[in-house]
Trainee: 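Below: one structure in structure tokens.
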There are 2 protein chains.
Amino acid sequence: MTAKPQSVEEFQARLREVSDGLPKRMRQCADYLAANADRVALSTVAELAAGAGVAPSAMMRFCQILGYSGYSEMQQVFRAAVSSGFPDYASRIASLRDRGADSPSALLAEFVDAGRGSLETLANKVDARVLDQAVAALAGARMIHLAGMRRAFPVSAYLAYAFEKMGHPAMLHDGVGALQQAASIREGDALIATTFTPYSGETVDLIQSCADRGIPVVVLTDSPLGPVQSGSVLTLPVAEADVGAFRALSATHCLAITLAVAVGAAKSGGG
Amino acid sequence: MTAKPQSVEEFQARLREVSDGLPKRMRQCADYLAANADRVALSTVAELAAGAGVAPSAMMRFCQILGYSGYSEMQQVFRAAVSSGFPDYASRIASLRDRGADSPSALLAEFVDAGRGSLETLANKVDARVLDQAVAALAGARMIHLAGMRRAFPVSAYLAYAFEKMGHPAMLHDGVGALQQAASIREGDALIATTFTPYSGETVDLIQSCADRGIPVVVLTDSPLGPVQSGSVLTLPVAEADVGAFRALSATHCLAITLAVAVGAAKSGGG
DNA sequence: CTGAGAATAGAATAAACATTCCATTGAGAC
DNA sequence: GTCTCAATGGAATGTTTATTCTATTCTCAG
């Protein structure tokens with residue numbers, strides 16, 4: 001017997017399970033729900049059916065195909081997800097802002113909001129294939145070099161910490177003493193460069209020289225194009241929301257740590 | 001005339017506006033809504049009224065006091081807020097996870113989710129008064145010293161960047177060459193220390209010695225208690241969610257940049 | 001071409017719901 | 001002490017919404 005999905009994740013899985021061999025109208029329901037799962041929590045069965053282009057009764061039957069007793073039972077799953085994902089965040093942010101337009105609390109509310117937005121955008125916009133390629137390219141490297149100047153430096157520094165903790169050879173190009181660490185990049189190595197517009201000249205030069213030599217390069221940046229286009233350069237764009245002239249870089253750090261841990265997992269898992 | 005609040009922020013403001021001189025039951029409604037605004041989107045009047053300990057009709061009257069024609073109109077405001085704050089994030093995360101349990105995409109989903117959760121917790125749990133005190137203490141300092149080892153180092157590095165960009169004197173204790181930078185902390189300076197359990201001995205010692213000398217210290221840490229309790233130490237706890245053995249530090253970076261920008265604003269605004 | 005079966009849409013029904021009305025209570029004024 | 005008016009609770013009402021039932025259409029096998 002097909003048990004009713006108790007969470008949004010289970011729901012999505014169940015949706016794919018049944019998606020093959022479905023009559024036309026049922027398939028319309030499945031497609032629409034897959035693309036508009038977020039609307040279930042607040043819509044009526046009539047609205048949803050209209051959106052999917054089917055009769056309300058068709059949507060009802062589809063709910064039962066998924067294992068629920070009816071629409072209401074299915075909706076409860078999504079309502080639970082919404083209320084946990086929206087505890088009292090919005091009102092809390094509002095009350096922080098209310099402490100005064102220029103108060104630290106209001107500023108924190110801005111940064112938290114920007115960070116949350118950036119993380120959501122990251123989840124929505126990331127190209128999973130490029131991410132997979134980046135992990136594969138880095139997992140094959142003997143040593144990983146980390147470059148990032150000024151505001152990008154903390155990202156590289158955290159990558160250095162993560163790789164050290166996992167016992168993976170990594171070198172942070174920190175520019176101490178203005179030493180030319182670029183010369184230490186050898187065949188078989190790889191580079192993770194973090195840079196934001198306006199791109200730092202040194203970082204761009206480093207990316208370019210590695211690209212010319214065929215060294216794999218992964219670039220974390222804020223523009224879809226990235227600073228350098230080349231076959232061996234994989235660009236992972238991160239749209240980071242600004243608060244005034246500053247950014248919290250929440251999404252960039254998130255992507256960076258993902259990259260590091262995924263490479264670590266690939267190394268230990270793959271041999 | 002009192003127009004109906006069109007957003008959650010306006011709603012909160014209106015709530016405070018009318019909160020004085022309200023009959024007993026109306027006051028109960030106001031108090032309950034202020035504390036449970038997040039429930040409005042999904043609850044019925046009956047549920048809400050029961051929660052507030054009043055009759056459903058009393059809740060109806062209160063909606064009209066706020067300027068709405070009835071409960072449904074008020075609820076629409078909250079529903080709009082929910083649906084904008086929950087675009088298709090949950091389903092997107094689910095689809096990233098579905099690319100395979102150990103895939104980079106699934107890992108990214110975990111970190112994004114953890115980051116979002118941490119930011120929400122930060123907004124909910126931060127003590128606005130302590131934050132205000134911290135900004136005031138730092139704004140009065142001639143030079144701000146920044147300490148943080150290992151995984152806390154990126155936070156300090158980003159603070160150093162932010163203060164530099166705002167033209168505020170700041171010194172990053174980066175431990176290059178194992179120089180004893182502690183000796184450069186003078187009367188009239190302040191310290192921002194970032195440290196996570198298990199606390200780094202050097203950072204704890206630095207905090208302690210500053211505290212003993214009466215130097216203002218602001219500590220960003222993951223435990224409510226913090227590494228050192230003392231009159232001149234202001235602890236700002238940040239609960240950061242783990243993914244396996246790693247954290248993205250989204251919330252900590254967020255709090256750090258807030259601190260920096262707030263101090264910059266206080267300096268330029270107050271003198 | 002015809003019959004059987006599923007699939008679908010539309011109408012009917014029943015439940016839940018917001019909303020309104022009215023009787024009762026409580027507080028303050030004269 | 002009583003009269004008045006605001007405040008309140010509970011029942012009544014009309015609307016919305018999920019759900020079910022049934023007639024019709026469509027599809028495929030024989």
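So that the names make sense, note that chain A is the first sequence line, chain B the second, and so on, each numbered from 1.
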Trainee: Pairs under 3.5 angstrom, nitrogen or oxygen only, protein versus nucleotides 21-27 of chain D, please.
Mentor:
none

Trainee: Please tell me whether B:Asp222 and B:Thr197 have a donor and an acceptor in their side chains that are separated by less than 3.5 angstrom.
Mentor: yes
Trainee: Rounded to whole Å, please give me the gap between CE in A:Met59 and P in D:dT19.
Mentor: 13 Å
Trainee: Using a heavy-atom cut-off of 4.0 Å across all strands, would you classify B:Gln64 as base, sugar-phosphate, or nothing?
Mentor: sugar-phosphate
Trainee: D:dG10 C1' sits how many Å from B:Arg25 CZ, rounded?
Mentor: 13 Å
Trainee: Over how many whole Å does the gap from A:Leu48 atom CG to D:dT19 atom C1' extend?
Mentor: 15 Å
Trainee: Test of understanding: with side-chain contact (heavy atoms from CB on, under 4.5 Å), list the residues that count as partners of B:Arg25, not counting sequence neighbours.
Mentor: B:Gln28, B:Val54
Trainee: Tell me: CE of B:Met26 to P of D:dA7, nearest whole Å?
Mentor: 9 Å
Trainee: In whole angstrom, give the distance that lies between atom CE of A:Met74 and atom P of D:dT19.
Mentor: 10 Å
Trainee: Quick one: is D:dA18 close enough that its OP1 or OP2 comes under 4.0 Å of any side-chain N or O from A:Gln76?
Mentor: no
Trainee: Which nucleotide span of DNA chain C, 5' end to 3' end, has atoms closer than 4.0 Å to non-hydrogen atoms of chain A?
Mentor: C:dA7 to C:dG10
Trainee: Is it true that A:Gln64 and A:Ser69 share a donor-acceptor pair across their side chains at a distance under 3.5 Å?
Mentor: no
Trainee: Quick one: which of B:Ile192, B:Ile257, B:Val263 gives a side chain to side chain contact (heavy atoms under 4.5 Å, CB included) with B:Leu159?
Mentor: B:Ile192
Trainee: Please give, in whole Å, the distance from D:dT8 P to B:Phe62 CZ?
Mentor: 12 Å
